[in-house]
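Here the structure is laid out as structure tokens; the discussion comes afterwards.
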Amino acid sequence: MVMTVLVNPRALSDHKTRDFKMLVDGKWEVGSAQPIERVAPSHGVVVSRFPTGSKADAERAILAARKAFDHGPWPRMTASERSAILLKAADLIAARAEELAFLDAIEAGKPISQVRGEIAGSVDIWRYAAALARDLHGESYNTLGEGTLGVVLREAIGVVSIITPWNFPFLIVGQKLPFALAAGCTTVVKPSELTSGSTLVLGEILQEAGVPDGVVNIVTGTGPEVGAVLTSHPEVDMVSFTGSTGVGKLTMTNAAQTLKKVSLELGGKNPQIVFPDADLDAFIDAAVFGAYFNAGECCNAGSRLILHKSIASAVVKRVAELSKDVKVGDPLDPTTQVGAIITPQHLEKIAGYVAGATSSGAQVAHGGEKLDLGMGQYMAPTILEAVTPGMAVAREEVFGPVLSVLTFETRAEAIEIANAIDYGLSAGVWSRDFDTCLTVGRKVRAGTIWMNTFMDGASELPFGGYKQSGLGRELGRHAVEDYTETKTLNMHIGGRTGWWMPR
């Protein structure tokens with residue numbers, strides 16, 4: 001029996017369905033097709049309507065961004081001018097934080113307390129990007145001889161397509177858009193058709209902050225209709241995509257037609273490796289948080305526990321006990337820790353992974369079933385033990401609150417298990433022995449290694465993956481540079497002589 005604390009959803013009787021428009025070349029448009037209706041995953045009622053963007057809408061947005069880049073003021077502003085606008089946008093985001101948090105909570109099913117933290121984190125990222133705008137610079141080489149001076153310029157890459165997922169609607173657009181703008185790029189943004197509301201409000205904010213028309217265009221709609229255009233159109237210079245590895249591969253295929261630059265932040269199957277000398281009190285809390293944060297619908301969720309055999313049984317018992325106190329329920333309740341699953345279809349997918357694991361010999365140590373709270377769709381926080389490395393639940397991204405437990409005997413075996421999958425986004429290692437942490441951290445192939453912590457982060461620290469977890473990095477001091485090209489100016493000083501030019 002699941003002992004997880006249930007928080008029953010409250011009716012959204014006082015919420016009026018909000019109708020949104022999309023932004024193309026500074027104008028707000030409703031679209032010509034039937035709008036997309038978003039049903040709240042937690043309450044089962046329509047909470048938002050978004051325009052259904054078409055191929056023609058996407059093309060118009062791309063051409064608006066092209067015109068704004070080639071002829072508009074944004075790339076030609078000083079860095080301090082762009083920085084000032086980004087700082088104003090950050091202030092306006094902070095002023096509308098509660099509105100943005102509410103939209104992400106009801107459209108994505110995310111706990112409101114969690115989303116408030118994400119909005120605050122986004123404000124910090126926008127301010128950090130504003131600072132980096134003024135730090136962007138090139139290089140000079142006065143060491144090439146008396147007749148040569150070399151200068152390397154950094155120039156904005158051009159028009160950038162930004163495609164964001166449903167699981168962190170506002171946070172992830174904040175990991176991309178402000179850095180592209182800081183570099184002087186113009187953009188077309190496509191949020192997920194499930195969670196477009198907060199991104200469209202961001203469009204209003206950027207207009208108020210002073211971003212010129214055409215610099216940020218936001219087109220809502222589906223991947224096959226809008227996303228395909230944004231990833232293949234010849235007037236797009238770069239694509240920045242966050243989502244599943246499968247769609248990431250399709251994005252690369254589309255972008256290859258015109259050899260666009262591509263940045264991809266994709267899936268993960270992230271391990272936490274725990275040695276017998278670890279601070280288990282700290283780890284148990286991190287294990288529960290890492291597995292169930294955002295209902296496990298998180299690319300860097302700690303979905304694999306790789307435990308030393310000598311402590312595995314005791315650790316699983318303690319993680320299960322703490323899991324009983326996790327509050328699952330209404331995202332609008334500030335005490336909720338795990339909200340609703342994004343769609344009924346995704347809930348069935350998660351439940352299918354659990355059923356497949358148990359049929360292959362895994363055992364349910366906690367949870368394991370869907371929850372009926374009277375409305376919406378919920379999954380119990382779940383722990384599976386006796387999982388073997390070959391099981392699908394140990395190798396594939398479940399994207400739900402499901403924790404798989406594996407065991408090891410030697411450090412080498414732990415590293416082998418951690419690396420024996422297609423993903424390499426992040427990992428955690430727990431030991432009081434720093435040599436152990438550092439050795440494992442250097443040998444596990446992942447973009448972020450947490451040592452005696454999990455899922456910490458800061459605007460200053462790059463984020464991205466190895467292998468099929470993606471290409472490139474977001475955040476960090478080089479984030480703006482990702483949206484630039486380098487140009488070499490090789491300047492000759494004085495007269496020239498050459499054997500091929502007879503005198």
Side-chain angles (χ1 to χ4, degrees), residues 12 15-62 64-65 93 96 99-110 115 118-119 122 161-174 176-177 187-207 216-231 241-244 247 297 331-332 339-346 376-377:
L12 279 171
H15 173 71
K16 181 180 179 181
T17 302
R18 185 164 175 176
D19 292 292
F20 288 92
K21 298 179 180 180
M22 60 185 175
L23 179 62
V24 179
D25 201 12
K27 301 178 180 62
W28 292 94
E29 304 179 358
V30 296
S32 57
Q34 188 74 15
I36 297 168
E37 291 191 335
R38 179 54 180 152
V39 175
S42 54
H43 294 78
V45 298
V46 176
V47 289
S48 303
R49 295 189 187 94
F50 313 123
T52 303
S54 64
K55 177 181 178 182
D57 293 324
E59 290 174 340
R60 286 189 305 107
I62 291 168
I93 292 169
R96 297 179 70 170
E99 174 189 3
L100 293 164
F102 177 79
L103 286 170
D104 277 7
I106 61 173
E107 291 176 9
K110 300 162 69 73
V115 189
E118 292 170 16
I119 303 301
S122 295
S161 291
I162 294 175
I163 301 175
T164 58
W166 48 259
N167 58 331
F168 291 92
F170 198 80
L171 182 62
I172 289 180
V173 75
K176 302 174 183 290
L177 181 57
T187 63
V188 182
V189 181
K190 192 201 95 64
S192 167
E193 64 271 25
L194 300 176
T195 55
S196 300
S198 61
T199 301
L200 292 168
V201 171
L202 177 61
E204 299 174 4
I205 288 171
L206 295 177
Q207 282 189 321
V216 176
N217 305 273
I218 304 172
V219 181
T220 51
T222 65
E225 190 71 15
V226 176
V229 178
L230 298 189
T231 56
F241 170 84
T242 294
S244 70
V247 179
E297 297 170 327
L332 299 180
I341 302 302
I342 189 72
T343 63
Q345 295 80 9
H346 190 58
Q377 57 269 348

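For clarity, every value in this text was computed on a predicted model and none was experimentally measured.
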Chi angles and distances behind the side chain to side chain contact (heavy atoms under 4.5 Å, CB included) call for Val201, Arg96:
CA-CA 9 Å; Val201 171; Arg96 297 179 70 170; 3.6 Å; yes
For Phe241 and Thr164: C-alpha separation, side-chain torsions, deciding distance, then whether side chain to side chain contact (heavy atoms under 4.5 Å, CB included) applies.
CA-CA 6 Å; Phe241 170 84; Thr164 58; over 6 Å; no
Ile106/Leu332 under side chain to side chain contact (heavy atoms under 4.5 Å, CB included): CA gap, chis, key distance, verdict
CA-CA 8 Å; Ile106 61 173; Leu332 299 180; 3.9 Å; yes
Please test Lys21 against Glu204 for salt bridge (charged side-chain N to carboxylate O under 4.0 Å, His left out), starting from the C-alpha separation and ending with a verdict.
CA-CA 10 Å; Lys21 298 179 180 180; Glu204 299 174 4; over 6 Å; no
Show your working on side chain to side chain contact (heavy atoms under 4.5 Å, CB included) between Phe50 and Glu37 and close with a plain yes or no.
CA-CA 7 Å; Phe50 313 123; Glu37 291 191 335; over 6 Å; no
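Between Thr195 and Leu103 there is no side-chain heavy-atom pair separated by less than 4.5 Å. Inter-residue side-chain proximity for Leu200 and Trp28 is flagged as met; some heavy-atom pair is nearer than 4.5 Å.
Between Val219 and Gly53, the closest heavy-atom pair is CG1-CA, 4.3 Å. Shortest non-hydrogen contact noted between Pro331 and Gly339 is CG-CA, 4.4 Å. Of all heavy-atom pairs spanning Pro41 and Ala108, the tightest one is CG-C, 3.7 Å.
For the pair Glu225 (side chain) and Lys55 (backbone), a donor-acceptor distance under 3.5 Å is present. One N or O on the side chain of Asn217 and one on the backbone of Asp25 form a donor-acceptor pair closer than 3.5 Å. Of the possible donor and acceptor atoms, one in the side chain of Arg38 sits under 3.5 Å from a partner among the backbone N and O of Glu107. In this structure, the side chain of Thr220 engages the main chain of Pro51 through a donor-acceptor pair within 3.5 Å. Distance alone, capped at 3.5 Å, is enough to place a donor-acceptor pair between the Ser192 side chain and the Leu194 backbone. Of the possible polar contacts, one joining the Thr52 side chain to the Gln34 backbone as a donor-acceptor pair under 3.5 Å is found. Counting only distance, with no hydrogens or angles, the side chain of Gln377 and the backbone of Ile341 share a donor-acceptor pair below 3.5 Å. Ser48 places no side-chain N or O within 3.5 Å of a backbone atom of Gly197 that could act as its donor or acceptor partner. Of the possible donor and acceptor atoms, one in the side chain of Gln207 sits under 3.5 Å from a partner among the backbone N and O of Gly26. Side chain of Asn167 to backbone of Glu297: a donor-acceptor contact under 3.5 angstrom is found.
Between Glu29 and Arg60 there is a salt bridge, with a side-chain nitrogen of the basic residue lying less than 4.0 Å from a carboxylate oxygen of the acidic one.
Put simply, OG on Ser198 and CD1 on Ile205 are 9.5 Å apart, with the number rounded to the nearest 0.5 Å. Once rounded to the nearest 0.5 Å, the distance linking CD1 of Ile62 with CG of Leu230 reads 5.0 Å. With rounding to the nearest 0.5 angstrom, the CD1 atom of Ile162 is 12.0 Å from the CD1 atom of Ile172. Here CG of Asp19 is found 5.0 Å from CZ of Arg49. Values are rounded to the nearest 0.5 Å. The OG1 atom of Thr199 sits 9.0 Å away from atom CG of Leu100, with the distance rounded to the nearest 0.5 Å. Once rounded to the nearest 0.5 Å, the distance linking OG1 of Thr187 with CD1 of Ile218 reads 8.0 Å.
A cation-pi arrangement is present between Lys110 and Phe168 under the rule of less than 6.0 angstrom and at most 45 degrees off the ring axis.
Side-chain contact of Lys176 with Thr242: a donor-acceptor pair under 3.5 Å is present, judged by distance alone.
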